[in-house]
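Just so you know, ligand 1 is whichever comes first in the structure, and atom 1 is the first atom listed for that ligand.
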Amino acid sequence: MGSAPDDRPPTGRGGRIAHALQDRLDHPARSTRTTVVIGRLLGLALLMCFATGLYSHYLQDPASWMRFPTWPSNLYQITQGVHVATGIASIPLLLAKLWSVYPRLFQWPPLRSAQHAVERVLVGVLVAASLVEVTIGLLNTYQWYVFPFPFRAIHLALAWVVVGALAIHVAVQLPKIVAHWSGRSREVRGAGVEGVGDGPAPRTAEASRRGFLVGVGTATAAVVLGTAGQSFGWLRRTNLFGARTQALGPQGLPVNRTAAAAGVEQSATDAAWRLVVAHGGRTVALSRADLEAMPQREVVLPVACVEGWSTTARWGGVRLSDVMDLVGAPHDVSVRATSLQRQGGQRVSEMGPEFASHPATLVALRIGDDDLHLEHGYPARLIAPARPGVEQTKWLARLETT
Ligand SMILES: Nc1nc2c(c(=O)[nH]1)N[C@H]1C(S)=C(S)[C@@H](COP(=O)(O)O)O[C@H]1N2
Ligand SMILES: [Mo]
């Protein structure tokens, strides 16, 4: 790591050019210590991003045996907010880390041994996969699906590539990481570790390194503070370039898919609308008036979108479990909700019994004191604690046990 030229004498023309290049790129802020300090933060950000990403993935695509926490009710708002914030933080950290090591691209000879070749290929994979991963993730928060592949599948696959390559990278670099983990260990080892002879005076190098790290830290804090307000209300005043502002849209909530885009403007406002509830052979069809005649509850819950934004509202409606009771459904089964929407991945959602039987899970009819806006799922939508927004199905048509 660092840009210290190889200590071997340059061989041939390529060697001389490579050495001259590395000398040119020598910079007092570039050192193994810099790389380790940034690498620690980047590693932490990537691991948090990975863990929260996996959580989000399994919430949306659970194995049948999986059960999830339903408390706190804004758990998904937190985990997905952290996912997007750590992903965004890793962009300046990744760029800074690459800056601190890129002169090593020109090391000479380029491949010293088979092991060295494998190491370099792995670093290449790690760098490429990380850059693509954070870029498509960022574009996704802006709902800009420019890439010609299914986002979730690729984002997940690349996440495993990044984490796998990262584990190997850390193992390979462990001696350097340990040696430069703390500033003290570096001092103990002295300048000899870094400086090959004629480097700048240690104090200048230290000041330059400090300045660089402060710059990177400031940039990272700026991009996080400038976007995290989309997920967390208390940061909304610094939300300068987050994809959403918290209160945009009818009834103070953003809208992801409009009724027009879902093709439900007619069916959702039709007086003949009924919510069909089914279990085994039993079926009931409920009008909105039927639902309004049932015991009404109120819950305060966020719609927390996978894309990172989140907004909390006061929802009114009927407990899902009360509705399922009408057809004699037991409380330990999963429930599938189907929308009036004819097509699209978010037409159907399924929830395990921990959500279906939860007292805060509602067939929502109102936001605040008003009827649900058509854009938010009128005549009825699902709202449940600790679940991704994409599972909060709007314009409900059918509820059934599975
Ligand atoms: N039927 C249906 N329900 C849906 C969607 C959809 O496209 N179709 N989008 C989901 C997504 S991705 C989110 S984040 C929330 C957004 O809810 P809102 O528009 O009321 O804010 O609705 C969810 N429910
Ligand atoms: Mo969403």
Side-chain angles (χ1 to χ4, degrees), residues 52-53 55-57 59-61 74-81 83-84 137 139-145 150-152 155 230-231 233 242-269 273 275-276 299-317 320 335-351 355 361-368 370-399:
T52 48
Y55 179 65
S56 178
H57 169 71
L59 262 177
Q60 292 171 71
D61 251 339
N74 65 344
L75 180 62
Y76 188 77
Q77 171 183 15
I78 296 170
T79 64
Q80 197 63 5
H83 181 71
V84 172
L139 294 183
N140 179 259
T141 69
Y142 291 93
Q143 281 201 304
W144 195 28
Y145 294 86
F151 171 76
R152 265 187 64 204
H155 200 59
Q230 63 186 327
S231 320
R244 304 293 155 74
T245 48
Q246 285 226 326
L248 202 75
Q251 297 176 325
L253 270 85
V255 175
N256 246 21
R257 179 158 290 104
T258 63
V264 300
E265 281 169 307
Q266 298 247 298
S267 52
T269 51
W273 175 85
L275 176 61
V276 176
V299 296
V300 175
L301 289 178
V303 172
C305 182
V306 289
E307 285 144 9
W309 61 266
S310 167
T311 312
T312 301
R314 181 163 57 89
W315 308 85
L320 177 66
V335 170
R336 177 188 299 144
T338 309
S339 172
L340 289 170
Q341 198 181 334
R342 286 292 159 79
Q343 49 210 332
Q346 281 136 35
R347 197 175 83 87
V348 179
S349 71
E350 231 177 278
M351 66 177 102
F355 296 112
T361 301
L362 300 190
V363 173
L365 307 172
R366 286 178 306 281
I367 292 178
D370 303 322
D371 285 347
L372 214 51
H373 194 283
L374 179 61
E375 302 296 10
H376 292 309
Y378 179 91
R381 83 175 295 169
L382 220 52
I383 191 78
R387 302 201 86 207
V390 351
E391 313 272 276
Q392 314 278 32
T393 308
K394 306 198 277 191
W395 314 294
L396 285 176
R398 188 180 171 85
L399 295 168

Leu59 side, atom CG; Met351 side, atom CE - distance, nearest 0.5 Å:
12.0 Å
Within 4.0 Å of some non-hydrogen atom of Asn256, the atoms of ligand 1 are 12 (S), 14 (S), 19 (O)
Any side-chain to backbone donor/acceptor pair from Gln392 onto Ala384? Under 3.5 Å, distance only.
yes
Proximal atoms of ligand 1 relative to Ser339 (non-hydrogen, under 4.0 Å):
1 (N)
So which heavy atom in the protein is nearest atom 19 (O) of ligand 1, and how far is it from that ligand atom?
Lys394 NZ, 2.6 Å
Between Trp395 and ligand 1, is there a nitrogen or oxygen pair with a distance under 3.5 Å?
no
Residue, atom and distance of the protein heavy atom nearest atom 5 (C) of ligand 1 read Gln346 OE1, 3.8 Å
I'd like to check whether His376 has a polar contact with ligand 1, where a contact means an N/O of the residue lying under 3.5 Å from an N/O of the ligand.
yes
Ignoring hydrogens and geometry, is there a side-chain-to-backbone donor-acceptor pair from Thr338 to Ala397 under 3.5 Å?
no
Atom CD1 of Ile383 and atom CH2 of Trp315: how far apart are they, to the nearest 0.5 Å?
4.5 Å
Thr393 versus ligand 1: do any nitrogen or oxygen atoms come within less than 3.5 Å of each other?
no
For Pro302, which residues count as a side chain to side chain contact (heavy atoms under 4.5 Å, CB included) partner, sequence neighbours excluded?
Asn74, Gln77, Ser310, Thr312
What atoms in ligand 1 come closer than 4.0 Å to a heavy atom of Trp309?
14 (S), 21 (O)
Any heavy atom of Val303 under 4.0 Å from ligand 1? The part involved is side chain
Say whether, by atom type as modelled, one donor and one acceptor occur between the side chain of Trp395 and the main chain of Glu265 under 3.5 angstrom.
no
Nearest protein heavy-atom contact for atom 13 (C) of ligand 1: which residue, which atom, what distance?
Gly389 O, 3.4 Å
For ligand 1, which part of Ala262 has a heavy atom less than 4.0 Å away: the side chain, the backbone, both, or neither?
neither
Counting each atom of ligand 1 from 1 as listed, which ones have a heavy atom of Cys305 under 4.0 Å away?
14 (S)
Looking only at protein heavy atoms, which one is nearest to atom 2 (C) of ligand 1, and how far off is it?
Gln341 OE1, 3.2 Å
Are any of the N/O atoms on Pro254, whether in the backbone or the side chain, positioned under 3.5 angstrom from an N/O atom of ligand 1?
yes
Within the distance-only criterion (no hydrogens, no angle test), does the side chain of Ser339 pair as donor or acceptor with the backbone N or O of Lys394 below 3.5 angstrom?
yes
Of all residues at least two apart in sequence or in a different chain, which pass the ring-ring contact (aromatic ring centres under 6.0 Å, His included) check with His155?
Phe151
The answer for which part of Arg381 has a heavy atom under 4.0 Å from ligand 1 is side chain
Closer than 3.5 angstrom, by distance alone: can the side chain of Glu375 be matched with the main-chain N or O of Ala259 as a donor-acceptor pair?
yes
Under-4.0 Å heavy-atom contact with ligand 1, by part of Gln392 that carries it:
backbone
For the side chain of Arg381 and the backbone of His376, is there at least one donor-acceptor N/O pair under 3.5 Å apart?
yes
Closest non-hydrogen atoms of Ala337 and Leu399, given as atom of the first, atom of the second and distance, are CB-CD2, 3.7 Å
May I ask you to identify the nearest protein heavy atom to atom 7 (O) of ligand 1, giving residue, atom name and distance to one decimal place in Å?
Arg257 NH1, 2.4 Å
